[in-house]
Amino acid sequence: MHGHDVTAAAAAASGDQQPYAVVLGCIDSRVPLEAIFDQTFGAICVIRTGGHVLDRAVCGSIEYVVGQLGVPLVMVLGHERCGAVEATVEALRTGRRPGGSLAHLVDEIAPSVTEAGIDDPAVQPLAIRRHVRRTVRMLRQDELLAGSVAAGRVAVVGGLYDLATGEVALLDAG
Ligand SMILES: [Zn+2]
């Protein structure tokens, strides 16, 4: 993306959009989704929330991209050392739930941390993987997406991004 000719790329993509994937990832500044996948304008739809947490706006956006634009691939991309997961582990260990809307993120990630085992010394990397898989499952069961998944019109997959190498590994459904 660096050194990109923005004007030319924008002009080339300014007709109807036909993206081939939607990627839901974390807000972490070290995980820039278009750059990671080397994608330019018009190629992928990107949604980023802390810890790739779902809410109605996120699900509605994915429903739109899959249902209206016919995009056949949804990827949930987690990453190592995710601050949202770390904050959730901390909140569960100390019993101190954050205030504000941050509480929503913690509440949504908490089941993944609990599944991983709060007392496990490796809870953070385990919870990060659990949380990707759980988010994938939730999207596959989404009211409007489930039919497309069952019909094979869309695949929902999970991946894990390695901050140090820039590599993405696919996670099985687990
Ligand atoms: Zn993160």
Side-chain angles (χ1 to χ4, degrees), residues 21-39 44-63 65-66 71-143 145-146 148-150 154-174:
V22 54
V23 184
L24 169 62
C26 184
I27 55 162
D28 193 302
S29 64
R30 300 165 295 182
V31 190
L33 299 177
E34 283 97 339
I36 287 170
F37 292 109
D38 194 22
Q39 297 300 304
I44 61 174
C45 295
V46 161
I47 304 169
R48 296 174 68 177
T49 62
H52 54 75
V53 162
L54 299 176
D55 64 12
R56 295 196 69 195
V58 172
C59 289
S61 301
I62 296 173
E63 288 168 2
V65 170
V66 171
V71 166
L73 178 63
V74 179
M75 171 177 264
V76 177
L77 187 65
H79 68 98
E80 304 289 4
R81 292 162 53 207
C82 181
V85 172
E86 288 174 5
T88 304
V89 170
E90 182 72 11
L92 291 180
R93 281 194 171 148
T94 62
R96 286 200 298 272
R97 187 169 173 266
S101 298
L102 191 50
H104 174 69
L105 295 187
V106 165
D107 290 348
E108 291 300 310
I109 297 171
S112 303
V113 174
T114 304
E115 271 183 30
I118 188 68
D119 296 323
D120 193 311
V123 61
Q124 286 182 18
L126 290 172
I128 285 164
R129 287 158 176 77
R130 289 269 181 179
H131 188 52
V132 170
R133 292 185 168 109
R134 200 171 127 259
T135 307
V136 166
R137 282 202 305 276
M138 290 164 74
L139 284 173
R140 286 176 179 166
Q141 292 163 5
D142 173 90
E143 185 184 354
L145 296 177
S148 295
V149 170
V154 65
V156 185
V157 302
L160 192 69
Y161 176 70
D162 187 317
L163 290 176
T165 65
E167 289 180 355
V168 171
L170 286 177
L171 293 180
D172 59 39

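Looking only at side-chain heavy atoms (C-beta outward), V157 and V136 stay at 4.5 Å or farther from each other. Residues V71 and V154 are not in side-chain contact: their nearest non-hydrogen atoms beyond the backbone lie 4.5 Å or more apart. Using a 4.5 Å heavy-atom cutoff, the side chains of T88 and L105 are not in contact. Annotation: side chain of R140 is not in contact with side chain of L145 (no heavy-atom distance under 4.5 Å). Using a 4.5 Å heavy-atom threshold, the side chains of H131 and V53 count as touching. No side-chain heavy atom of Q39 sits less than 4.5 Å from a side-chain heavy atom of V23. Proximity of L77 to H52: side-chain heavy atoms (C-beta onward) are nowhere separated by under 4.5 Å. Using a 4.5 Å heavy-atom threshold, the side chains of L33 and Y161 count as separate.
Distance check: S61 OG to R56 CZ gives 12.0 Å after rounding to the nearest 0.5 Å. Distance CG/L139 to CG/L54: 5.0 Å, rounded to 0.5 Å. Atoms CD1 and CD1, on I47 and I62 in that order, are 4.0 Å from each other to the nearest 0.5 Å. The distance from atom CE of M75 to atom CG of L171, rounded to the nearest 0.5 Å, is 8.5 Å. Between E80 atom CD and R129 atom CZ the span is 4.5 Å, to the nearest 0.5 Å. Atom CZ of R134 and atom CE of M138 lie 5.0 Å apart (nearest 0.5 Å).
Considering every non-hydrogen atom in both G117 and V123, the closest pair reads O-CG2, 3.3 Å. Across A103 and P98, no two heavy atoms sit closer than the pair CB-O, 3.2 Å. Of all heavy-atom pairs spanning C82 and I128, the tightest one is N-CD1, 3.7 Å. Contact between A110 and L92 at its shortest, heavy atoms only, is O-CD1, 4.0 Å.
Under a 4.0 Å N-O distance rule, the pair R97/D107 qualifies as a salt bridge.
Panel note: side chain R96, backbone A91; no donor-acceptor pair is recorded below 3.5 Å. Proximity of a side-chain donor or acceptor of R30 to a complementary backbone N or O of A164 within less than 3.5 Å is not detected. Distance alone, capped at 3.5 Å, places no donor-acceptor pair between the E167 side chain and the T165 backbone. Formation of a donor-acceptor pair under 3.5 Å by the R133 side chain with backbone atoms of G158 is not found in this model.
Within a 6.0 Å sphere centred on CZ of R81, heavy atoms belonging to other residues, nucleotides or ligands number 12 at most.
When the options V149, V66, V65, L24 are evaluated for a side chain to side chain contact (heavy atoms under 4.5 Å, CB included) with V74, the one that passes is V66.
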